[in-house]
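As structure tokens, the structure follows; a few thoughts come after it.
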Amino acid sequence: MKQISRRDFLRGSAAGVAGAALTGICGVPVLASEDVGMVDNVTIVVPQASFDLSPFVYGNRVYAMFYWAIYGTLMVSPNLGASLDELVGRMAKSVTTVSDTVYDVEIYDYIVDSQGNEIKAEDVVFSYEQARDSGRYSYVSSYMESVTAIDDYTVEFTLTEAMPGATEAILNSVAIVNAEWYSNATEEEIGTSPACTGPYTVESVTSGTEFVLAVNENYWQTDASLRTIVDAQNTKKMTYTVIEEMSMVAIALENHEVDIAEIDSTVSNNFLDDDGNALDGYNVHVTVVPRFDVFEYNCSEDSLMSNQYLRQAVSYALDAEQIMIANGTLTGMGTVSHDFCNSAGAGYNYDWDEEDYYDYDIDKAKECLEQSGLGDNITLTLLQSTGVEEGIAVAAQAMLSAIGIDLKIVTAEQATSDTMYMDSTQWDIFTRMVSTSDYVTSGWAARFDNSIWGDQGTANWTQDDTLQDLLHTAMSTQDPEDIDAFHYYFTEMCYGYGLFTANKVLVSQDGIEAAMETYEGNPVYTSMTYTDDYVSAS
């Protein structure tokens, strides 16, 4: 089983970019000047029919598969928790520290998008304001007080407070686009034919079926020594084809109809032997992801889950390992959570893994249920969006029935579930995936920082001043004792329940030798390496 580590990403090893020599800026690999060549096409499976190629839908499952390719960012990070001097610039030419909360970023003065529009400081400001207002970039909302254009090519960022990792998080991952184009384009144009600032452009979109990205022949960054690993152009085209059923994904791989796809344990025997090695004709690529599945509990007065003992009863009744298996996570390729976070974030305390974290215990669940004083015949509603593995909810439903709780499952399209989620009368438990953007505290902040959620308190209507004090202290100091303090308090209050982390397992035809990964654990499809005899499925 082949695994490309972040160490390889940092070194820029031969497994990186077709064996090209690499040089580094701030310790991050960039492409060398020699041409590494391009294959004609690679066909990649998209796991859901609903996709949106617009720039500010960060966090969408499909978005992670393409946004580095078609959108530029100010910088890129080699790993979670990387310091500012370890980040490498993409659009950013330099970063100047004005104070512990103010940073000036100079961008290159020759950036244009795929439609010929210039990118200046005012476009960076616009993009960050759009990202903040979208509600999807929680770390921007939490860490950024303001963003201002000083001149045509300099942007000033002011933080809400001096905080480890805040600057690094802000400068990384926000898609930059031309403000005039975005403001005047139709919703359809934004979602299907965007003005791209990355090394690829959108060639075509067939709704619900496929989209095709093609090399941006006029990519603004012509100096190969200044291109990062996410700016590679190792294939002329990338065809993303929709296959939602895992059994059909396996058939497509076996019939050489696609080149690479993410798989789960239901089809793993088709491609792996008993020792976990790839069968002849295939390569397997494993990436560790900073994303984890959780149950959020509705703590508003509209929900029974506002009762702490009920939350604890539900958590004790859940067998996270069995839920992980029901999710289709490969044996050995997933980790049960011991906090409302995972171990990818800097500052994670591995001692937590040895402690009780609502370990499956029916007797304790029944005891907490009795303490809740809610009596019998409790009915709860679990809300989830389409694209979430049904096995998670079904497994939880069976487990809660063992303590007399009737769990009603409601599944809705993404837009509908987003609307229902914001209505505290519509759900009691919500299934979601949470991301860690740098430190372990970033996953907590995304859902429970009141500077993001305002009068609502937190994402799930928790009103708790102690929680906020502990969170902000941990975020500010990154001191292990402060991180522990939040962990233990949150665990006791049980405002949410961490389930598991499912690592990403990709199977490709054996002509694809490696899939580089970003600090987020997402494959960089533009920089995959190929054998000399590689022939695409298309």
Side-chain angles (χ1 to χ4, degrees), residues 264-266 292-300 302-343 350-384 388-411 427-434 447 460 462 487-502:
D264 65 27
S265 60
T266 62
F292 48 99
D293 285 86
V294 301
F295 280 157
E296 285 186 354
Y297 297 149
N298 183 345
C299 294
S300 75
D302 296 318
S303 173
L304 293 178
M305 293 299 283
S306 59
N307 185 301
Q308 179 185 359
Y309 291 112
L310 178 60
R311 298 195 298 267
Q312 292 176 337
V314 168
S315 300
Y316 275 123
L318 299 174
D319 187 331
E321 184 172 7
Q322 292 305 310
I323 291 175
M324 181 176 70
I325 293 170
N327 177 64
T329 300
L330 285 165
T331 302
M333 291 298 138
T335 306
V336 172
S337 297
H338 290 84
D339 183 89
F340 197 88
C341 68
N342 71 359
S343 61
Y350 286 92
D351 289 343
W352 301 339
D353 295 348
E354 307 303 319
E355 300 170 354
D356 175 53
Y357 178 68
Y358 295 101
D359 297 343
Y360 178 61
D361 191 324
I362 288 294
D363 290 336
K364 284 187 178 181
K366 292 180 177 178
E367 179 183 334
C368 289
L369 189 59
E370 184 176 349
Q371 287 178 294
S372 74
L374 296 174
D376 300 326
N377 302 318
I378 294 174
T379 298
L380 301 174
T381 298
L382 183 147
L383 174 63
Q384 62 182 7
V388 175
E389 175 55 54
E390 286 282 351
I392 295 177
V394 173
Q397 185 180 55
M399 293 168 187
L400 293 183
S401 69
I403 62 170
I405 294 178
D406 179 23
L407 186 65
K408 177 185 176 183
I409 300 172
V410 175
T411 303
W427 61 278
D428 301 295
I429 301 173
F430 188 80
T431 307
R432 81 157 56 249
M433 185 177 285
V434 179
R447 311 311 306 161
N460 65 341
T462 300
H487 161 80
Y488 289 116
Y489 182 78
F490 186 92
T491 299
E492 179 185 358
M493 300 307 295
C494 200
Y495 293 128
Y497 182 61
L499 292 169
F500 60 88
T501 298

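Scope of the values below: all heavy atoms of this structure, side chains included, with no hydrogens, waters or symmetry mates.
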### Query
Lys364 versus Asp356: any side-chain heavy-atom pair under 4.5 Å?
yes
### Query
For residues Glu390 and Gln384, is any side-chain donor paired with an opposing acceptor at under 3.5 Å?
yes
### Task
Determine yes or no for a side-chain-to-main-chain donor-acceptor pair under 3.5 angstrom, with Gln397 supplying the side chain and Leu407 the backbone.
yes
### Task
Mind checking the OG-CD spacing from Ser372 to Glu367? Nearest 0.5 Å is all I need.
11.5 Å
### Query
For the residue pair Tyr297 and Cys494, what are the closest heavy atoms and their distance?
CD1-O, 3.3 Å
## Note on the structure
d(Glu321 CD, Leu499 CG) to nearest 0.5 Å is 12.5 Å
### Task
Check step by step if side-chain contact (heavy atoms from CB on, under 4.5 Å) holds for Ile392 and Asp293.
CA-CA 10 Å; Ile392 295 177; Asp293 285 86; 4.0 Å; yes
### Side-chain touch Val434/Arg432, heavy atoms, less than 4.5 angstrom
yes
### Query
How far apart are the closest heavy atoms of Ile405 and Leu380, and which atoms are they?
CG2-CD1, 3.8 Å
### Query
How many angstroms lie between atom CE of Met433 and atom CZ of Phe292, to the nearest 0.5 angstrom?
10.0 Å
#### Entry: Gln308 CD: over 12 foreign heavy atoms closer than 6.0 Å
yes
### Task
May I ask you to check whether Phe490 and Phe340 place their ring centers less than 6.0 Å from one another?
yes
### Query
Looking at Asp428 and Thr379, what are the two nearest heavy atoms and their distance?
OD2-O, 4.3 Å
### Query
Is there side-chain contact between Cys368 and Gln371, with at least one heavy-atom pair below 4.5 Å?
yes
### Query
Quick one: does Leu310's side chain get under 4.5 Å of Met305's, heavy atoms only?
yes
### Task
Consider only side-chain N and O atoms of Tyr488 and Glu355, and report whether a donor and an acceptor are under 3.5 Å apart.
yes
### Message
Can you confirm whether Asn307 sits close enough to Leu374 that some side-chain heavy atom of one is under 4.5 Å from a side-chain heavy atom of the other?
### Response
yes
### Message
Checking the side chain of Tyr358 only, and the main-chain atoms of Thr491 only, is there a donor and an acceptor separated by less than 3.5 Å?
### Response
yes
### Message
Please check: side-chain N/O of Asp319 versus main-chain N/O of Tyr360, any donor-acceptor pairing under 3.5 Å?
### Response
no
### Task
Without swapping roles, check the side chain of Asp406 against the backbone of Ser401 for a donor-acceptor pair under 3.5 Å.
no
### Query
Which pair of heavy atoms, one from Leu382 and one from Ala393, lies closest together, and at what distance?
CD2-CB, 3.8 Å
#### Entry: Reported CG-to-OH distance for the pair Asp363 and Tyr316, which is rounded to 0.5 angstrom
11.5 Å
### Query
Taking it one step at a time, do Ile323 and Met399 satisfy side-chain contact (heavy atoms from CB on, under 4.5 Å)?
CA-CA 10 Å; Ile323 291 175; Met399 293 168 187; 3.8 Å; yes
#### Entry: Closest approach of Thr329 to Ala502 (non-hydrogen atoms, all atoms of both residues)
OG1-CB, 3.5 Å
### Task
For residues Phe295 and Tyr497, establish whether the separation of their ring centroids is below 6.0 Å.
no
### Query
Heavy-atom distance under 4.5 Å between the side chains of Leu304 and Ile378, does that happen here?
yes
### Task
Take Phe500 and Thr335 through the test side-chain contact (heavy atoms from CB on, under 4.5 Å) and record every step on the way to the result.
CA-CA 5 Å; Phe500 60 88; Thr335 306; over 6 Å; no
#### Entry: OG on Ser343 to CG on Asp353, rounded to 0.5 Å
7.0 Å
### Query
Angle class for the His338/Tyr357 ring planes (parallel below 30°, perpendicular above 60°, tilted otherwise)?
tilted
### Query
Backbone N or O of Gly496 within a donor-acceptor pair of the Arg311 side chain at under 3.5 Å?
no
### Query
Nearest 0.5 Å, what's the OG1-OH distance between Thr462 and Tyr495?
5.5 Å
### Message
I need the minimum non-hydrogen distance between Ser306 and Cys299, along with the two atoms involved.
### Response
CB-O, 3.7 Å
### Message
If you apply the rule side-chain contact (heavy atoms from CB on, under 4.5 Å), what do you find for Thr381 with Val410, and how did you get there?
### Response
CA-CA 7 Å; Thr381 298; Val410 175; 3.7 Å; yes
